[in-house]
Amino acid sequence: MTEDRPIEYWLTDMDGVLVHEEEPIPGASDFLEALRASGRKFLVLTNNSIYTPRDLRSRLLASGIDVPEESIWTSALATAQFLADQRPAGRAYVVGEAGLTTALHDIGYVLTDHDPDYVVLGETRTYSFEAITRAIRLIDAGARFIATNPDPSGPSQQGKLPATGSVAALISTATGRSPYFVGKPNPLMMRSALNRLDAHSESAVMIGDRMDTDVVSGLEAGLRTVLVLTGSTRPEQVETFPYRPTRVVDSIADLVDLARGQTLPPPPTD
């Protein structure tokens with residue numbers, strides 16, 4: 001993988017790169033418009049499994065950012081693709097919301113609490129003790145345990161919220177069974193996104209705001225990576241990781257020229 005190889009395909013995280021909650025990050029719209037103008041294919045990736053691509057498109061539009069449904073790839077879609085490949089036309093008990101249930105319906109899965117092949121855990125804002133208890137009992141009875149992503153918490157305007165990883169830990173403690181996490185940092189999500197674009201890793205780049213999910217999963221999938229400093233990872237934290245992104249930039253606004261078709265320049269010398 002050489003840094004001067006042209007970038008033909010772009011993968012980018014959503015929260016912390018394009019938006020903060022409902023607020024657009026300056027340069028996000030210009031970046032996406034530059035991609036469209038140059039004819040380069042792209043996907044917006046998110047570990048959030050609550051929403052369908054249609055829902056997310058609407059939320060982004062409200063922030064002034066226009067992304068087509070087909071250009072949004074969620075951990076729910078990646079999980080559904082994984083299950084379709086592993087066990088077509090299977091059965092699943094789902095703890096999650098419309099983004100996950102719709103994705104599983106679309107691949108022909110039956111959603112049931114009677115002898116499911118899988119218990120599939122996704123993010124929700126209304127975790128039910130009854131639903132979690134049912135999931136635990138089904139896993140004890142032999143259902144395979146899948147989770148959309150390992151994120152332990154997520155942001156809200158009121159503060160931190162427990163996310164899929166935290167509830168997965170609860171279920172794992174009760175059952176002694178660990179889930180298979182499909183979303184970032186599993187490079188499987190990157191590879192499924194590349195397959196959706198019919199892209200090769202050597203001509204693609206991943207943009208993210210987290211070293212421990214976006215950058216590591218892009219790196220392990222063979223992509224070049226760009227860390228933006230508008231989200232979770234702070235500048236002083238970058239050097240604490242045993243791996244490095246290809247580039248570190250202040251924000252998505254610094255990538256507009258690259259989106260127009262320029263190559264990734266060499267890093268500055270110290």
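Side chains included, hydrogens not; waters and symmetry mates left out as well; all remaining heavy atoms used. Quantities reported herein were computed from a predicted structural model and do not represent experimental measurements.
Across every non-hydrogen atom of P24 and V19, the tightest pair is CA-CG1, 4.1 Å. Closest approach of L138 to P116, counting heavy atoms only: CD2-CD, 3.7 Å. The heavy-atom pair separating V248 from V238 by the smallest distance is CG2-CG1, 4.3 Å. The minimum heavy-atom distance between S49 and S75, with the atom names listed, is CB-OG, 3.6 Å. The nearest pair of heavy atoms linking A253 to P26 is CB-O, 3.8 Å. The two residues P185 and V216 come nearest to each other via the heavy atoms CB-CG1, 3.6 Å.
Remark: D198 CG is loosely packed, at most 12 non-hydrogen atoms of other residues, nucleotides or ligands lying under 6.0 Å away.
Distance CG/L43 to OG1/T12: 10.5 Å, rounded to 0.5 Å. For the atom pair OG1 (T240) and CG (D212), the distance works out to 9.5 Å, reported to the nearest 0.5 Å. Once rounded to the nearest 0.5 Å, the distance linking CD of E202 with CZ of R224 reads 8.5 Å. Annotation: the span from L227 atom CG to M206 atom CE amounts to 10.5 Å, rounded to 0.5 Å. Atoms CD and CZ, on E33 and R260 in that order, are 9.5 Å from each other to the nearest 0.5 Å. Atom-to-atom distance recorded for L194:CG and M189:CE is 11.5 Å, nearest 0.5 angstrom.
A continuous path of Ile, Leu, Val, Met, Phe, Trp and Tyr side chains, each step under 4.5 Å between heavy atoms, connects V182 with L100, placing both in one hydrophobic cluster. Under the 4.5 Å side-chain heavy-atom criterion for grouping Ile, Leu, Val, Met, Phe, Trp and Tyr, L104 is connected to L188 within one hydrophobic cluster. The hydrophobic clustering, which links ILVMFWY residues whose side-chain heavy atoms are closer than 4.5 Å, places I7 and V17 together. Note: the hydrophobic cluster containing V94 also contains F82 (ILVMFWY, side chain heavy atoms under 4.5 Å, direct or indirect links). The same ILVMFWY cluster, assembled from side-chain heavy atoms under 4.5 Å apart, contains both L83 and L111.
Applying the side-chain hydrogen bond (donor to acceptor under 3.5 Å, both in side chains) test to residues at least two apart or on different chains, none of the pairs has a partner in residues 163-173. For residues 100-109, there are no salt bridge (charged side-chain N to carboxylate O under 4.0 Å, His left out) pairs, not counting sequence neighbours.
Residue N47 is tested with D214, T213, D151 for a side chain to side chain donor-acceptor pair (under 3.5 Å); the sole match is D151.
Every residue meeting the side-chain contact (heavy atoms from CB on, under 4.5 Å) condition with R87, not counting sequence neighbours, appears here in chain and number order: Y109, D117, Y118, R144. Residues passing the salt bridge (charged side-chain N to carboxylate O under 4.0 Å, His left out) test with D209: none are found, sequence neighbours excluded. Applying the side chain to side chain donor-acceptor pair (under 3.5 Å) criterion to D13, with sequence neighbours excluded, gives K184. Every residue two or more places apart in sequence or in another chain that forms a side chain to side chain donor-acceptor pair (under 3.5 Å) with T124 is listed here: E97, T126. Judged as a side-chain contact (heavy atoms from CB on, under 4.5 Å), and not counting sequence neighbours, the contacts of S203 are E8, Y9, H200. By the salt bridge (charged side-chain N to carboxylate O under 4.0 Å, His left out) test, D115 pairs with no residue at all, sequence neighbours left out. Legend: residues meeting side-chain contact (heavy atoms from CB on, under 4.5 Å) with A221, ordered by chain and number and at least two apart, are P187, M190, R191, L223. With sequence neighbours left out, D30 forms a salt bridge (charged side-chain N to carboxylate O under 4.0 Å, His left out) with no residue at all. With sequence neighbours left out, T230 forms a side-chain contact (heavy atoms from CB on, under 4.5 Å) with H20, I25, V228, S251.
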Note to self: For a side-chain contact (heavy atoms from CB on, under 4.5 Å) check, start with the C-alpha distance between M211 and R244, then their side-chain angles and the critical distance, and finish with the verdict.
What the structure shows: CA-CA 8 Å; M211 287 288 289; R244 292 182 56 82; 5.7 Å; no

Next item on the list: Take V215 and R210 through the side-chain contact (heavy atoms from CB on, under 4.5 Å) test and state the conclusion after the steps.
Entry: CA-CA 6 Å; V215 170; R210 293 185 64 121; over 6 Å; no

Next item on the list: Decide yes or no on side-chain contact (heavy atoms from CB on, under 4.5 Å) for F31 and I207, but give the supporting numbers first.
Entry: CA-CA 12 Å; F31 172 77; I207 309 166; 3.5 Å; yes

Item checked: Pair I171-F145, side-chain contact (heavy atoms from CB on, under 4.5 Å): steps then yes or no -> CA-CA 9 Å; I171 295 173; F145 188 15; 3.7 Å; yes

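Using a 4.5 Å heavy-atom cutoff, the side chains of L35 and W10 are in contact. A 4.5 Å side-chain heavy-atom check between I146 and P179 finds every atom pair outside the cut-off. Residues L197 and L11 are in side-chain contact: their nearest non-hydrogen atoms beyond the backbone lie under 4.5 Å apart. Proximity of L60 to M14: side-chain heavy atoms (C-beta onward) are separated by under 4.5 Å at one or more points. Residues V226 and V205 are in side-chain contact: their nearest non-hydrogen atoms beyond the backbone lie under 4.5 Å apart. F42 has its side chain within reach of S71: a pair of non-hydrogen atoms, C-beta onward, lies under 4.5 Å apart. Contact check for N149 versus F181: no side-chain heavy atoms found under the 4.5 Å cut-off. Looking only at side-chain heavy atoms (C-beta outward), I107 and Q81 stay at 4.5 Å or farther from each other.
Here R54 pairs with E69 in a salt bridge; the nearest charged N to carboxylate O distance falls below 4.0 Å. R57 and D66 are joined by a salt bridge, as a carboxylate oxygen and a charged side-chain nitrogen come within less than 4.0 angstrom of each other.
For the pair R91 (side chain) and T112 (backbone), a donor-acceptor distance under 3.5 Å is absent. With hydrogens and angles disregarded, a donor-acceptor distance shorter than 3.5 Å links the side chain of T175 to the backbone of R177. In this structure a side-chain-to-backbone donor-acceptor pair under 3.5 Å is missing from E220 to S217. Judged purely by atom type and a 3.5 angstrom limit, S29 uses its side chain to pair as donor or acceptor with the backbone of G64.
Side-chain contact annotation: S58 with D55, donor-acceptor N/O pair under 3.5 Å absent. Looking only at atom types and distance, the side chain of W73 has no donor-acceptor partner in the side chain of T46 under 3.5 Å away.
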Identify all side-chain donor-acceptor contacts of residues 128-137 below 3.5 Å with residues at least two apart in sequence or on another chain.
residue	atom	partner	partner atom	Å
S128	OG	E130	N	3.2
S128	OG	A131	N	3.1
T133	OG1	F129	O	2.8
R134	NH2	D113	O	2.8

